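Comments concern the structure below.
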Amino acid sequence: MTDILITNTKVFYNNILQPGEIQINDGKIQRIAKNITSADPDLLIDAKGALTIPAGIDVHVHFREPGMVKKEDWYTGSCSAAAGGTTTVIEHPNTIPPTISKSSFNEKLKLANRKSVIDFGINGGVTKNLESLSLLWELGVTSFGEIFMAESTGGLNINEEDFSEALGIIKELDAVACIHAEDENIRLENEKLLKHDHSPNSHSRIRSNLCEGIAVQNALETIAEKGTRSHFCHISTLDALGLIRKEAYVAKNEGRESKVTCETAPHHLFLSTRDWDRLGTFGKMNPPLRDRRNVKALMNAVNDGTVNAIASDHAPHSEFDKDLDIRSAPSGVPGVETLMPLMLMAVKKNLLPIGRMIEVTSRNPARIFGLDTKHSKGVFAEGYDADLIIVDTHTAAPIKADKLHSKAGWTPFENMDAIFPNMTISKGEVIWDGELIAEKGRGKFLEGNGYTEKK
Ligand SMILES: NC(=O)N[C@@H](CC(=O)O)C(=O)O
Ligand SMILES: [Zn+2]
Ligand SMILES: [Zn+2]
C-alpha cells in the first residue's frame, strides 16, 4: 500500500531536471523513478508537469512565542512557513523569556509541540547563562545562538570575554555556534556621529559595512583559537564574504574541513538601500539594507559556494510597532513565507541554477545542523523524509501581504514577483494545497545531537 504517488512531475535528480514519479510511504520517500506502475496509492497526485523539489529548511526564524504573541505565535509562524513551502524551521532564542535555561526551554518546547504544524528545532540562547549551556544541549537544542555580538531585538548581546568563553564551551559540546556578527563599538560610535540624522537610511550607515566586517574578523579569530564549528547568520557585505571566503580557501589548502559556514537572507539578496524610500522604517533590520554592489556580491557568493544557506531571519513586528522614528522602530522583517517563492523566482530569472537553489534551501541547512543524519531531512532520496513542494514555475505572481499568514500583516517584498508552491507536503502529508490543511501540533521537535533521553 502506498500513501502518495506523485505522477507527471519533474524532479531534480542525479544532477539534472528530468521527468519522474515519486512514491511516498509512511512519511518517507520510498522511490523516485521514471515510471512507478506497481504502486496502489491512497492519494494520486497528478502534478501536471510541475516541479517536485525538497521543501525549505529555514534555519533562522523568530516565532515570538512565548512573550510576544501579538507579533507571531508557533501556529501562525508555522502556517506561514507551510504556505510558503517550508516544512522545517529552527527557532531562535530572543523570546520573552529568552531560551536560556531549562525552564524557558521547556516552556517554549511545550508551546511549539502544541501549536507547530511543521517540524522544528529550538536554539539555545547565549548570554550570561554560560553554566546552562551543557544542560540546554542535553535538553535537545539544535545549536546555540544567534549569539549577538551587538545589540539587536531582544537585547541579548554579550561582551567579547563572554563570547570567547561561550565559543570554548560550545566547542567542548561539539555543537554549532550561530553568530550575529556586528561590532557593538562601531555601532555605538556611528550612532553618536549620526545622532541628528534621523532619515531611515541612517540605519544602514550606523550599522556600516565595517561594522559587520570587523565583527566577522574578530569572530573568526576566536573561532580559530577555540576551534568551534560556527555559522554566521544573515551575512550582508562584501567585506564579510571576503573574510569567510578566505577562511574556506585556507582550510582547503590545509586539507581540513572549514569550521565556518554562513547564511544570507532574502531581504539582503532582493532588497537594497534603494528600497529605503519605499519602505521607510519598515526596511529596518539588522544587519541593514546594503547598496547594490553588496547585493550583487551576495548572489555571486550564493553561486560560488561561499554562502551555504538561505535563511529568512523571519522577524515579525506589527505595523503599529514599526511605524515609529527610525531609532525607536524595532529591527526585523517577516520572511518565512516568501523565502522559497523568492528563491524560485530567482531561478526563473537565471540568477542561480535550480540545483544550487535546492542546496542552499534544504541540503546545506540540513547538513550544517545535523538534521540529515539524525532526522532524515534535506536529502531528496529514498528513505528520507518526504518533505516536498510541488511548484509550477510558470505561475509567477506579485507578493501581497494580505495573502500571507504571518501575524505581521505586511511584507517588505510587497508586489515583487514570486513563485508560490501549489502544494506543500510534510512527512508524506499534504499540509498546504492553496489552503492550509495541517493539524495544529502535528509538527515534531527535532532534538539536537546532544539530546539525552530523560531518565
Ligand atoms: N534581524 C533583526 O533585525 N531582528 C531580529 C533579531 C536578529 O536577527 O538580529 C528580531 O528578532 O527581530
Ligand atoms: Zn541577528
Ligand atoms: Zn535573527
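This one's a predicted model, so the numbers in the text were calculated from it and none came from an experiment. Both counts, for ligands and for their atoms, begin at 1 and track the order of listing.
By the criterion of a separation under 2.8 Å, the protein N/O/S atoms near the Zn ion (ligand 3) amount to H60 NE2, H62 NE2, E146 OE2, D313 OD1.
With ligand atoms numbered from 1 in the order given, ligand 1 contributes 3 (O) to contacts under 4.0 Å with heavy atoms of M285. For ligand 1, the atoms lying closer than 4.0 Å to a non-hydrogen atom of G332 are 2 (C), 3 (O), 4 (N). Shown in contact with F148 at under 4.0 Å from a heavy atom are these atoms of ligand 1, numbered in order with element: 7 (C), 9 (O). Less than 4.0 angstrom separates some heavy atom of H60 from each of these atoms of ligand 1: 8 (O). Shown in contact with H317 at under 4.0 Å from a heavy atom are these atoms of ligand 1, numbered in order with element: 12 (O).
With respect to atom 3 (O) of ligand 1, the closest heavy atom belonging to the protein is N286 N, 2.8 Å. Here the protein heavy atom with the shortest distance to atom 9 (O) of ligand 1 is S152 OG, 2.7 Å. Atom 4 (N) of ligand 1 has as its closest protein heavy atom S331 O, 3.1 Å. Counting protein heavy atoms only, atom 1 (N) of ligand 1 is closest to D313 OD2, 2.8 Å.
Taking the six-membered ring where the residue is Trp, the centroids of W74 and F120 are separated by under 6.0 Å. Separation of the F380 and F12 ring centroids does not fall under the 6.0 Å cut-off.
The CD1 atom of I235 sits 11.0 Å away from the CG atom of N294 when rounded to the nearest 0.5 Å. A distance of 5.0 Å separates CG in D387 from OG in S426, rounded to the nearest 0.5 Å.
With H92 as the partner, the ring pair (Phe, Tyr, Trp, His ring centres under 6.0 Å) test is satisfied by one option alone out of H231, H234, H62: H62. With R64 as reference, H317 is the one residue of H314, H317, K70 to meet the side-chain contact (heavy atoms from CB on, under 4.5 Å) rule. For the side chain to side chain donor-acceptor pair (under 3.5 Å) with K427, the lone residue among D385, D119, T87 that qualifies is D119.
With salt bridges taken as basic N to acidic carboxylate O contacts below 4.0 Å, none links R274 and D291. Using a 4.0 Å cut-off between charged nitrogen and carboxylate oxygen, E91 and K108 count as a salt-bridge pair. Residues K115 and E65 are paired through a salt bridge, judged by an N-O separation under 4.0 Å between the basic side chain and the carboxylate. Looking at R207 and E151, a side-chain N of the basic residue comes within less than 4.0 Å of a carboxylate O on the acidic one, giving a salt bridge.
Contacts of R64 with ligand 1, taken as heavy-atom pairs under 4.0 Å, involve the side chain alone. Contacts between N94 and ligand 1, counted as non-hydrogen atom pairs separated by less than 4.0 Å, involve the side chain only.
In this comparison of K284, E146, H92, the heavy atom closest to atom 8 (O) of ligand 1 sits on E146.
Between F282 and W410, the ring-plane angle classifies as perpendicular under the 30° and 60° cut-offs.
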